[in-house]
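Each remark here refers to the structure printed beneath this line.
Throughout, numbering of the chain's residues begins at 1 and tracks the sequence. Note that these values count all heavy atoms, side chains included, but never hydrogens, waters or copies made by symmetry.
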Amino acid sequence: MMTIREYLAAALLLLCPLAAFAGILPERQSWDFMQSVGGISVGDPFREDGTWFLPVSCDVSGTRKVTVEPTRLNSALAAADVRIQVKGTAVYVTVVTTMVSHNRSSLCKPAALGNLPVGTYSVFYRDPDGTRHKLGRISIKQ
């Protein structure tokens with residue numbers, strides 16, 4: 001016989017995949033998804049309080065063109081985070097979405113690059129499966 005706690009734990013295990021599918025939980029988005037909502041681009045890095053930031057243009061709602069015409073509308077999705085990973089001279093960008101709320105927007109915000117050395121970096125969009133797609137090049141200057 002199962003206890004109430006065990007029933008609740010089992011219910012949560014069943015609901016978590018449904019919650020992720022419904023966009024309730026944060027989800028890393030694929031290149032195909034990003035293209036379907038209008039694309040993604042990066043701008044010139046800027047420095048603020050000793051940290052470099054990468055401007056990222058995207059709108060996960062699918063209501064505006066960034067690099068391609070959108071083919072999908074998402075009225076309930078927000079851009080929760082733009083994740084950055086720097087490996088050598090490569091910068092990897094991944095957009096994470098979640099449900100829209102009063103303090104979240106469908107627009108991507110600049111992402112912290114950290115304190116990078118001066119140089120030129122290639123920027124890629126990285127799919128959840130690790131596939132990368134070239135977004136461009138950026139320069140970090142003194």
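Between Pro117 and Tyr121, the closest heavy-atom pair is O-OH, 2.8 Å. When all heavy atoms of Ser41 and Thr67 are compared, the closest pair comes out as CB-CG2, 4.0 Å. The minimum heavy-atom distance between Lys109 and Val56, with the atom names listed, is O-CB, 4.1 Å. The two residues Arg64 and Cys58 come nearest to each other via the heavy atoms NH2-O, 4.1 Å. Taking all atoms of both residues into account, the shortest heavy-atom contact from Gly39 to Val66 is O-CB, 3.8 Å.
Neither side chain, Glu27 nor Thr97, offers a donor N or O lying under 3.5 Å from an acceptor on the other. Using modelled atom types, one finds a donor on one side chain and an acceptor on the other under 3.5 Å when comparing Ser106 with Asp59. A donor-acceptor pair shorter than 3.5 Å cannot be found between the side chains of Thr51 and Asp49. Remark: the Ser122 side chain and the Arg137 side chain contain an N/O donor-acceptor pair separated by less than 3.5 Å. In summary, the side chains of Tyr92 and Arg132 do present a donor paired with an acceptor at a separation below 3.5 Å, with no hydrogens or angles considered.
Note on Trp52 and Phe124: separate hydrophobic clusters, where clusters join Ile, Leu, Val, Met, Phe, Trp and Tyr whose side-chain heavy atoms are under 4.5 Å apart, directly or indirectly. Hydrophobic clustering (ILVMFWY, side-chain heavy atoms < 4.5 Å, transitive): Val42 and Met34 are in one cluster. Transitive grouping of hydrophobic side chains (ILVMFWY, heavy atoms separated by less than 4.5 Å) keeps Ile40 and Leu107 in distinct clusters. Following chains of ILVMFWY side-chain contacts shorter than 4.5 Å, one can reach Val123 starting from Val82, so the two form part of one hydrophobic cluster. Linking ILVMFWY side-chain heavy atoms closer than 4.5 Å, directly or via other members, places Leu54 and Val86 in a single hydrophobic cluster.
Interatomic distance, Leu73 CG to Thr63 OG1, rounded to the nearest 0.5 Å: 7.5 Å. Rounded to the nearest 0.5 Å, atoms OG (Ser57) and CG (Leu135) are 11.0 Å apart. For the atom pair CZ (Arg47) and CZ (Phe53), the distance works out to 11.0 Å, reported to the nearest 0.5 Å. Between atom OG of residue Ser139 and atom CG of residue Asp44 there is a gap of 8.0 Å, rounded to the nearest 0.5 Å. Expressed to the nearest 0.5 Å, how far OG1 of Thr89 lies from CD1 of Ile140 amounts to 12.0 Å. Of the inter-residue distances, the one linking Ser30 atom OG with Arg126 atom CZ reads 14.5 Å to the nearest 0.5 angstrom.
Looking at Asp127, its side chain never comes within 3.5 Å of a backbone N or O of Asp129 through a donor-acceptor pair.
Within the 4.5 Å cutoff, no side-chain heavy atoms of Thr120 are placed close to those of Lys141. The shortest side-chain heavy-atom distance between Val91 and Leu113 falls under the 4.5 Å cut-off. Between Pro110 and Phe46 the shortest side-chain heavy-atom distance falls below 4.5 Å. With a 4.5 Å cut-off on side-chain heavy atoms, Val60 and Gln29 do not count as touching.
Using bins of under 30°, 30° to 60° and over 60° for the plane-to-plane angle, the ring pair Tyr125/Trp31 lands in the tilted bin.
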